[in-house]
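Just the heavy atoms: all of them, side chains too, but no hydrogens, waters or symmetry mates, feed the values below.
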Amino acid sequence: MNALQQISQPTARLLLALIFIVSGYGKIAGYAGTQAYMEAMGVPGMLLPLVIALELVGGLAILVGWKTRAIAFLLAGFSVVSGLLFHFNPDDQIQMIMLMKNVAIAGGFLLLVAHGAGAYSFDNRSA
């Protein structure tokens, strides 16, 4: 593995994971508001604990490179589905940009699915 890969792979995991870790904690801090927003968008508020768990546990797993391919696949799907549910509004350019952000994040996760966690990860530690 060359030096660029050794640095870029864990950095990519950090950058992808960060948005989910921060978002998961934010949902805990603003639980009632997030639940109300979900319900206003037609998503059952009772799913919020699962969303928080996926964001926090999934984000931390990606960060440390544990079960990376499986977690990245789940988070890619989550990114696309949540983008479509909460941001698909062709009449609102900002919401469409947010949707494209989610699609781009999914693309990053699919690269992790294809290539794995890379350097400095639990998935690639020496036995």
Practice task
Could you tell me whether the side chain of Leu54 reaches within less than 4.5 Å of the side chain of Phe20, counting heavy atoms only?
Solution key: no

Practice task
May I ask you to decide if Ala117's main-chain N or O and Ser121's side chain share a donor-acceptor pair within less than 3.5 Å?
Solution key: no

Practice task
Sequence neighbours left out, what pairs pass side-chain hydrogen bond (donor to acceptor under 3.5 Å, both in side chains) with at least one residue falling in residues 51-78?
Solution key: Ser23-Glu55, Lys27-Glu55, Thr68-Asp123

Handout entry: Residue list, side-chain contact (heavy atoms from CB on, under 4.5 Å) with Leu85, at least two apart or on another chain
Key = Val43, Val81

Practice task
Could I get the full list of side-chain contact (heavy atoms from CB on, under 4.5 Å) partners for Leu110, not counting sequence neighbours?
Solution key: Ala76, Val113

Practice task
List in chain and number order the residues that pass side-chain contact (heavy atoms from CB on, under 4.5 Å) with Ile28, two or more places apart in sequence or in another chain; answer none if no residue qualifies.
Solution key: Tyr25, Ile52, Leu56

Exercise for the section: Look at the side-chain heavy atoms of Ile, Leu, Val, Met, Phe, Trp and Tyr, link any pair under 4.5 Å apart, and say whether Leu16 and Ile71 land in one connected group. Expected result: yes

Handout entry: side-chain hydrogen bond (donor to acceptor under 3.5 Å, both in side chains): pairs with one or both residues in residues 94-103, sequence neighbours excluded
Key = Ser82-Asn102, His87-Gln95

Practice task
Please examine the side chains of Pro44 and Met38, heavy atoms only from C-beta on, and report whether any two atoms are closer than 4.5 Å.
Solution key: no

Exercise for the section: Answer whether the closest heavy-atom distance between the side chains of Arg13 and Leu63 falls below 4.5 Å. Expected result: no

Problem - Close side-chain approach of Tyr120 to Gln9, heavy-atom, < 4.5 Å - result: no

Handout entry: salt bridge (charged side-chain N to carboxylate O under 4.0 Å, His left out) pairs, two or more places apart, involving residues 86-97
Key = none

Problem - Minimum side-chain heavy-atom gap Phe78-Val51 below 4.5 Å - result: yes

